[in-house]
Amino acid sequence: MAAFATASVAALAYGFLYSFRGEGPARAVLKVSGIVILAITAFAAGAPWLLWAALAASAVGDLFLAGKPERWLLPGMGAFFLAHVFYVILFWQLGEGAGWSLPVKAGQAVLVLGGAVYIRWLSPWLGQMRLPVFAYGAVILMMGAAAIALPPAYLLVTIGALMFIASDSILAHQLFCRPAEAPANKPASYAVWFLYFFGQAAITWGLLHPAA
């Protein structure tokens, strides 16, 4: 519990105090610290290696995106792509074929079709980033579909995964659709960061402490 509280404090401090500041070592360290604490906690707790590896890859992605997005976006996306691959494998292993009920399949269909429509809608703004975004969108939708199929004991994990997808959806709109000269959209930026971090925290907590 103490580790999750510490990680949350670091995430709140970054979100409210540093997220709109310019580049710098302090900003980068604070941005990655919350996820790093979650990764260390998962490792120390003996969690499946896929969990702490996904968190570690996410921390690398955060570090890249703490710099200028136009320079480090592709490496950051690559790190998060790897994190989602780890999550897909982990969630599929935990699901063990439990997700064949009609409500689960309906939820997966809504997620995947809705995500595909959103990505298609984004495509005119993507330019040279079209293929990387399509690939990233495919893997994150696979991650969400696998999370929806998890047993009820992992409901918090499913919620966390959907929060992660919501964060990336808002971020994509901010990166590709908002004019470069437009002022910062603070509510959207807060939503991106806090949905992302607390989604990851929910995934970690839910995997370490599945419901009875």
Side-chain angles (χ1 to χ4, degrees), residues 1 3-4 6-8 10-11 14-15 28-66 72-96 98-99 108 111-112 115 132-151 153-172 192-211:
M1 179 66 75
F4 279 85
T6 303
S8 297
Y14 172 79
V29 168
L30 190 59
K31 183 173 186 178
V32 303
S33 59
I35 298 296
V36 168
I37 292 170
L38 294 180
I40 293 171
T41 301
F43 177 81
W49 73 268
L50 289 163
L51 172 59
W52 53 260
L55 292 166
S58 298
V60 173
D62 283 335
L63 189 60
F64 278 124
L65 297 182
W72 298 109
L73 180 58
L74 268 177
M77 286 179 64
F80 280 114
F81 184 96
L82 183 60
H84 290 308
V85 170
F86 289 144
Y87 277 139
V88 168
I89 298 170
L90 177 59
F91 296 165
W92 274 351
Q93 289 177 351
L94 293 173
E96 297 180 348
Q108 290 175 323
L111 174 70
V112 172
V133 170
F134 282 6
Y136 185 87
V139 76
I140 197 171
L141 291 174
M142 289 175 64
M143 184 273 291
I148 289 172
L150 286 171
Y154 296 105
L155 176 60
L156 190 60
V157 178
T158 302
I159 293 171
L162 296 177
M163 290 170 66
F164 201 157
I165 293 172
S167 170
D168 273 354
S169 299
I170 300 169
L171 178 60
V192 167
W193 175 248
F194 291 122
L195 283 168
Y196 161 72
F197 174 80
F198 288 107
Q200 292 269 48
I203 291 171
T204 306
W205 183 272
L207 288 170
L208 293 180
H209 305 280

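This chain uses plain numbering: 1 for the first residue, then up along the sequence. Bear in mind that the values here come from a model prediction, so they are computed numbers and not experimental data.
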- Item | Centroid-centroid under 6.0 Å between Phe86 and Trp49 rings | yes
- For residues Thr41 and Thr204, determine if any side-chain heavy atom of one lies less than 4.5 Å from a side-chain heavy atom of the other. no
- Query: Would the number of heavy atoms belonging to other residues, nucleotides or ligands and lying under 6.0 Å from CZ of Phe43 be above 12?
  - Reply: no
- Are Phe4 and Leu38 close enough that some pair of their side-chain heavy atoms sits under 4.5 Å apart? yes
- Leu51 side, atom CG; Leu94 side, atom CG - distance, nearest 0.5 Å: 9.5 Å
- Item | Check: Ile203 and Phe91 side chains under 4.5 Å, non-hydrogen atoms | yes
- Message: Below 30° counts as parallel, above 60° as perpendicular, anything between as tilted: where do the rings of Trp205 and His209 land?
- Response: tilted
- Query: Once you round to the nearest 0.5 Å, how far does CG of Leu150 lie from OG1 of Thr158?
  - Reply: 4.5 Å
- Message: Over 60° means perpendicular and under 30° means parallel, so tell me whether His84 and Phe164 are parallel, tilted or perpendicular.
- Response: tilted
- Minimum heavy-atom separation for Gly199 to Met163, with atom names? N-CE, 3.6 Å
- Only one of Phe194, Trp193, Phe197 passes ring pair (Phe, Tyr, Trp, His ring centres under 6.0 Å) with Tyr14, and that residue is Trp193
- What one should report as the nearest heavy-atom pair of Leu111 and Ala145 is CD2-N, 3.5 Å
- Message: Looking at every non-hydrogen atom in both residues, tell me the closest pair between Val32 and Ala59 and how far apart they are.
- Response: CG1-O, 3.5 Å
- Item | Heavy-atom pair with the smallest gap, counting every atom of Lys31 and Asp62 | CD-O, 3.7 Å
- Query: Is there a side-chain contact between Ile140 and Phe81, using heavy atoms and a 4.5 Å cut-off?
  - Reply: no
- Item | Leu195 to Ala166 - nearest heavy-atom pair and separation | CD1-CB, 4.0 Å
- Item | Min side-chain heavy-atom separation Leu55-Tyr87 under 4.5 Å | yes
- Considering all heavy atoms, the nearest Ala54-Ala83 contact: O-CB, 3.4 Å
- So, do Met143 and Val85 sit near enough that their side-chain heavy atoms are less than 4.5 Å apart? no
- Atom pair CD1/OG1 of Ile40 and Thr6 - distance to nearest 0.5 Å: 11.0 Å
- Query: Which is it for Tyr196 and Asp168 under the side-chain hydrogen bond (donor to acceptor under 3.5 Å, both in side chains) test, yes or no, and what are the steps along the way?
  - Reply: CA-CA 8 Å; Tyr196 161 72; Asp168 273 354; over 6 Å; no
- Item | Heavy-atom check, side chain of Met77 versus side chain of Val133, under 4.5 Å | yes
